[in-house]
There are 2 protein chains.
Amino acid sequence: MASSKERILDSFENILIRDGERAATMESVAAAADVSKGGLLYHFPSKEALVDALGERLLALSARDRELMAADPDGAARYYVRTSVYEDSALDRALVAMARLAQQGHPKAQQNFARIQAFWLEALEAALGSHTVARAVKLMGDGLYYEAAFFAGSGANQQSTAEMEQLLELVDLLQSSDRGGS
Amino acid sequence: MASSKERILDSFENILIRDGERAATMESVAAAADVSKGGLLYHFPSKEALVDALGERLLALSARDRELMAADPDGAARYYVRTSVYEDSALDRALVAMARLAQQGHPKAQQNFARIQAFWLEALEAALGSHTVARAVKLMGDGLYYEAAFFAGSGANQQSTAEMEQLLELVDLLQSSDRGGS
DNA sequence: TTTACTGTACCGGCTGGACGGTATAGTATC
DNA sequence: GATACTATACCGTCCAGCCGGTACAGTAAA
């Protein structure tokens, strides 16, 4: 079994994703992690500490993801869109959980978010060589993530492989159009 | 001055957009609408009633928007992407406000949302004749909206006209690619 | 034209419950 | 004896919803 700290953070994520920020109370997180409230407070002295820890986890996961994106043999654009469907990966989960907090107006969550979005856009621009194409590709991926953020909680958002392949061909088309755009 | 009922609903929207669901308490909504708490409760007997009223407003606005989309001389695809940048229109505001509620796990808000999304996708498919292209176009617009949902509150999300035009040209490209896709 | 009454719009205090955080006493393991 | 907890009681704050009351416009019989 994972350490209590990890389990608590996982539970925090879970509840944020499934039930929203409001439901993610200290007590419900503790209960979900099978820890007493006192136990939770022992590891995370405040709710803010919980959010900070989630932020660090997210930052680390997204940095690793950008490396994978840059190195993907299929290309960064395809990688970004392909991995934007919600697959319940560690990154997906941390991202959607943080989205819940950001939507709630949480300042640190919003900053985390804005920073990560900017990093991704830069990485796409660097890989694709065009600001506009990078933007279009990022928007498509973001649209996918946006669906995830709404429906990850309840209701499977199944995307067929065939459908995804057709979408990826359109991504190829966008890339091929690059005739020295800014 | 608009009727108290409209003013209350506008204030509810405002606070949801600017400060998130958590901040949209009955008291703060009443204060923003320049009405006492009792006065608010007179018009909307519960918070649920406020959400329902917002849902009706959103449904009406989105239905009107789909008509405009179908009739736009520039084409539905361009219309959808073009109008997806946040411009603080009545529809934008109602949509982002409802998004805040949906993200919070509010069941009715999620249903409202899912229904409207489906309508838009259908409308795009009908206009573009291709499921895949409609999906790609919708994702790009949704990506734009998703940015709006995060940054509409604080921080201008300015999109230059030139940048938008380049994006729209990519939308044209997607449409022109339609070779009898599903 | 005064009196009695009705309906609409609204005010603001109160209550009960939930939540974040504190405190503390006790337990089990290394 | 230090670490990693459990269990429980408690405090202050915030919030939804309730409730008693006010203000006022209309109306209609006496």
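Reminder, nothing fancy here: chain letters follow the sequence lines and each chain counts from 1.
- Asp88(B) and Arg93(B) are joined by a salt bridge, as a carboxylate oxygen and a charged side-chain nitrogen come within less than 4.0 angstrom of each other.
- Partners of Arg66(A) according to the salt bridge (charged side-chain N to carboxylate O under 4.0 Å, His left out) rule, which considers only residues two or more places apart in sequence or in another chain, do not exist here.
- With sequence neighbours excluded, the residues satisfying side chain to side chain contact (heavy atoms under 4.5 Å, CB included) with Ala134(B) are Leu121(B), Leu124(B), Glu125(B), Leu128(B).
- Qualifying side-chain hydrogen bond (donor to acceptor under 3.5 Å, both in side chains) partners for Asn112(B), counting only residues two or more places apart in sequence or in other chains: none.
- Distance, Leu50(B) CG to dC15(D) C1': 14 Å, rounded to whole Å.
- Neither side chain, Ser11(A) nor Asn14(A), offers a donor N or O lying under 3.5 Å from an acceptor on the other.
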Write out a two-atom table: protein N or O, nucleotide N or O from nucleotides 6-9 of chain C, distance below 3.5 Å.
residue	atom	partner	partner atom	Å
dA9(C)	OP2	Tyr42(B)	OH	2.6

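- In terms of the ring-ring contact (aromatic ring centres under 6.0 Å, His included) criterion, residue partners of Phe113(B) (sequence neighbours excluded) are, by chain and number, Phe150(A).
- Remark: Met140(A) CE to Leu170(B) CG distance equals 10.5 Å, nearest 0.5 Å.
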Nucleotides 11-30 of chain C: protein proximity per nucleotide (B base, S sugar-phosphate only, - neither; heavy atom, under 4.0 Å): BB------SBBB--------
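- Residue-environment remark: CG (Asp34(A)) stays at or below the threshold of 12 foreign heavy atoms within 6.0 Å.
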